[in-house]
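These values consider heavy atoms only, across backbone and side chains, with no hydrogens, waters or symmetry-generated copies.
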Amino acid sequence: MLQPRIPVNPLPTGKPIPLNHPAPTPAASVERTAPASTPAPASASMPVVPARTTVQLTPGSALALAAGGGAVVLVVGAVLVSMLLAVAITSVSVAVCAVVLKSLINQERKH
């Protein structure tokens with residue numbers, strides 16, 4: 001059930017063999033139309049679409065955008081501070097281990 005199905009091709013032809021052979025579809029008749037030689041004239045009733053759309057912020061959406069930005073800044077700041085704290089704690093513990101090992105080696109030399 002979960003084993004891959006690899007098609008077996010005793011005589012390689014260079015053509016890929018699909019796993020699922022699709023049923024042949026009947027050929028549909030296609031009607032070709034001649035391309036228009038000139039574009040259709042623009043009517044006067046069609047509105048002119050501006051090149052760029054403008055985004056209008058309401059006071060509520062501006063407040064929501066500012067609150068979302070503030071939340072992102074707080075989360076990123078908390079992550080960075082926690083990473084800095086983790087590095088500081090690790091470096092302090094390595095320094096303490098170095099001092100303890102140095103004192104143990106010095107005591108060993110004295111005796």
Side-chain angles (χ1 to χ4, degrees):
M1 181 176 129
L2 297 176
Q3 295 177 351
R5 293 182 292 161
I6 301 173
V8 178
N9 191 2
L11 300 172
T13 59
K15 296 180 181 177
I17 301 173
L19 291 178
N20 297 331
H21 300 288
T25 58
S29 63
V30 176
E31 294 182 17
R32 298 196 180 258
T33 59
S37 59
T38 59
S43 66
S45 64
M46 292 180 65
V48 177
V49 179
R52 287 189 178 184
T53 58
T54 58
V55 178
Q56 296 180 352
L57 292 176
T58 62
S61 62
L63 184 64
L65 186 63
V72 168
V73 167
L74 287 176
V75 168
V76 170
V79 168
L80 291 177
V81 166
S82 64
M83 289 172 63
L84 181 64
L85 185 61
V87 169
I89 291 173
T90 304
S91 61
V92 167
S93 65
V94 168
V96 168
C97 289
V99 168
V100 168
L101 285 175
K102 187 175 180 180
S103 68
L104 287 175
I105 291 173
N106 284 339
Q107 282 182 358
E108 192 71 28
R109 285 184 187 168
K110 290 181 182 178
H111 291 291

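- Closest of all the heavy-atom pairs between Ser91 and Ala88 is OG-O, 2.8 Å.
- Looking at Asn106 and Lys102, their side chains come closer than 4.5 Å, going by heavy atoms from C-beta outward.
- Taking Ile, Leu, Val, Met, Phe, Trp and Tyr as members and joining any whose side-chain heavy atoms lie under 4.5 Å apart, directly or through other members, the hydrophobic cluster of Leu80 also contains Val72, Val76.
- Side-chain contact check for Thr58 and Ser61: at least one donor-acceptor pair (N or O, by modelled atom type) lies under 3.5 Å.
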